[in-house]
Amino acid sequence: MNEYFSSNSTTKEEPSWFEQTDDNVSLELASSAREPRLNPWDVVLCVSGTVISCENAIVVAIIFYTPALRTPMFLLIGSLATADLLAGLGLIVHFVFLYCIRSEAVDLITVGLLVTSFTASVGSLLAITIDRYLSLYNALTYYSERTVTRTYIMLILTWGVSICLGLLPVMGWNCLKDVSSCSIVKPLTKNNVVILSVSFFMVFAVMLQLYTQICKIVCRHAHQIALQRHFLSTSHYVTTRKGISTLAVILGTFASCWLPFSIYCLLGDYTYPSLYTYITLLPAIYNSMINPVIYAFRNQEIQKVLWAACCGCASSKMSCRSRSPSDV
């Protein structure tokens, strides 16, 4: 185009309107390539990550700075809060780097952090379920050194497996070089997502079985206590109903949050609209927002520490009673 105008004019003229238009369009395209358009769903994920981080940071700080909360039960709750805290931070980091720094290496690190944190969150939920079951099944021997050792083993296995799964995309198991192998969550491959989904279904099946056994033990204990106190019709019914409803809320919340995304990971691929991914992923993220309410803020010891922090009470006036995980 420049050659055409130079051959038909003898004097130096200003660039034509067409040339200016082409230059402006090219600049706009370049700037739009550098700065992606803001996606409202990404904003929702970032805000959710901020709320998740704040909630779980409070739980982690309480458990870390309160010596009385160093029992196996609270170590597992702290592991869950730490995993959810990292998940919230991962969502914030993902948003920042998505719209500020476009890099394949950064994308892999961010995805690896999210896979590690969410896997550790689900694994910590399984560990808490196992701990609750053993506290009822082996009530007489629960408060022993074996329980502490078992807790550390579960924590090491949970975080070891989670870190290994999170390192897979960074170590080369990704779809950056082969788009056809991408899953609904880029740059994870379809096989990687299938492994994560199948692992979730296995964890859910184990938790369902354990909570069923917990429900039977709770009902049997409530029945025995009611018979000893001679008011079966009232105490047995109220205690059993409360225990079953609590277990139903815990398991129902976990299933409703993670099942949609896990099923969609098995059925969908990279050709599906991203809207479906956001719709199914959001409830799974909200599980990390609900976990502190179910497993931490309902605990009386943690409530005492929160009230003490808010009211400025002296921590020395507090007396934390050692409780069984089944009481939480």
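Separating the CG atom in N56 from the CG atom in L86 is a distance of 9.5 Å, to the nearest 0.5 Å. One distance of note links OG1 of T151 with CD1 of I128; it measures 11.0 Å at 0.5 Å rounding. If you take OG1 on T66 and CD1 on I302, they are separated by 8.5 Å, rounding to the nearest 0.5 Å. From Y99, atom OH reaches atom NE2 of H94 across 7.5 Å, with rounding to the nearest 0.5 Å. In this structure, CG in N287 is found 8.0 Å from OG in S256, a value given to the nearest 0.5 Å. The line from CG of L113 to CG of L108 is 12.5 Å long, rounded to the nearest 0.5 Å.
Between the side chain of S121 and the backbone N or O of D84 there is no donor-acceptor pair closer than 3.5 Å. Panel note: side chain K190, backbone L266; a donor-acceptor pair is recorded below 3.5 Å. Proximity of a side-chain donor or acceptor of S135 to a complementary backbone N or O of R132 within less than 3.5 Å is detected. Side chain of S288 to backbone of A284: no donor-acceptor contact under 3.5 angstrom is found. Side-chain atoms of R70 come within 3.5 Å of backbone N or O of F64 as a donor-acceptor pair. Proximity of a side-chain donor or acceptor of S79 to a complementary backbone N or O of L75 within less than 3.5 Å is not detected.
The same ILVMFWY cluster, assembled from side-chain heavy atoms under 4.5 Å apart, contains both V206 and L196. L157 and L168 fall into different hydrophobic clusters, defined by Ile, Leu, Val, Met, Phe, Trp and Tyr side-chain heavy atoms under 4.5 Å apart, directly or through other members. Criterion: ILVMFWY side-chain heavy atoms under 4.5 Å apart, direct or through other members. Under it, I163 and I156 are not part of a common hydrophobic cluster. Hydrophobic clustering (ILVMFWY, side-chain heavy atoms < 4.5 Å, transitive): I92 and L45 are in distinct clusters. Cluster annotation: V203 and M154 are assigned to the same hydrophobic cluster (Ile/Leu/Val/Met/Phe/Trp/Tyr, side-chain heavy-atom contacts under 4.5 Å, transitive).
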**Item:** side-chain contact (heavy atoms from CB on, under 4.5 Å) between V43 and F95, intermediate numbers included
**Value:** CA-CA 8 Å; V43 176; F95 179 84; 4.1 Å; yes
**Message:** side-chain contact (heavy atoms from CB on, under 4.5 Å), that's the test. Do V179 and Y270 meet it? Break it down for me.
**Reply:** CA-CA 8 Å; V179 181; Y270 72 99; 4.1 Å; yes
**Message:** Before you tell me yes or no, could you show the steps for F204 and Y211 under ring pair (Phe, Tyr, Trp, His ring centres under 6.0 Å), namely the whole-Å CA-CA distance, both residues' side-chain angles and the distance that decides it to 0.1 Å?
**Reply:** CA-CA 10 Å; F204 177 72; Y211 274 121; 10.0 Å; no
**Request:** List the steps, then state whether side-chain contact (heavy atoms from CB on, under 4.5 Å) holds for L125 with N291.
**Result:** CA-CA 9 Å; L125 291 175; N291 284 338; 4.0 Å; yes
**Request:** Start with the C-alpha gap between S199 and I195, add the side-chain angles, then the distance that decides, and say whether side-chain contact (heavy atoms from CB on, under 4.5 Å) holds.
**Result:** CA-CA 6 Å; S199 300; I195 290 177; 4.2 Å; yes
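With L114 as the fixed residue, the side chain to side chain contact (heavy atoms under 4.5 Å, CB included) test singles out one of T119, I109, L91, L89: L91.
Two residues are said to be in side-chain contact when any heavy atoms from C-beta on lie closer than 4.5 Å; Q213 and L210 fail this criterion. Under the 4.5 Å side-chain criterion, counting only non-hydrogen atoms from C-beta, I294 is in contact with I290. Contact check for Y278 versus V44: no side-chain heavy atoms found under the 4.5 Å cut-off. Looking at heavy atoms from C-beta onward, F261 lies in side-chain contact with I184 at the 4.5 angstrom threshold. Using a 4.5 Å heavy-atom cutoff, the side chains of P169 and N192 are in contact. Using a 4.5 Å cut-off on side-chain heavy atoms (C-beta onward), N174 and E104 make no contact.
The minimum heavy-atom distance linking Y65 with P67 is given by the pair O-CD, 3.5 Å. The minimum heavy-atom distance between M289 and E55, with the atom names listed, is O-OE1, 2.8 Å. V193 approaches C265 most closely through the heavy-atom pair CG1-CB, 3.1 Å. Looking at every heavy atom in both residues, S53 comes nearest to G88 through OG-C, 3.2 Å. Summarising the geometry of V111 relative to P187, their closest heavy-atom pair is CG2-CD, 3.5 Å, with the distance given to 0.1 Å. Shown here for I285 and S48, the closest heavy-atom pair between the two residues is CG2-CB, 4.3 Å.
Annotation: side chain to side chain contact (heavy atoms under 4.5 Å, CB included) contacts of I279 (sequence neighbours excluded): W41, L275.
No hydrogens or angles considered: nothing links the side chains of N191 and T189 as a donor-acceptor pair under 3.5 Å.
Contacts classified as ring-ring contact (aromatic ring centres under 6.0 Å, His included) and involving residues 116-138 (residues at least two apart or in different chains) are given here: F118-W258, Y133-Y137.
Taking a 6.0 Å sphere around CZ of F201, one finds it holds more than 12 heavy atoms contributed by other residues, nucleotides or ligands.
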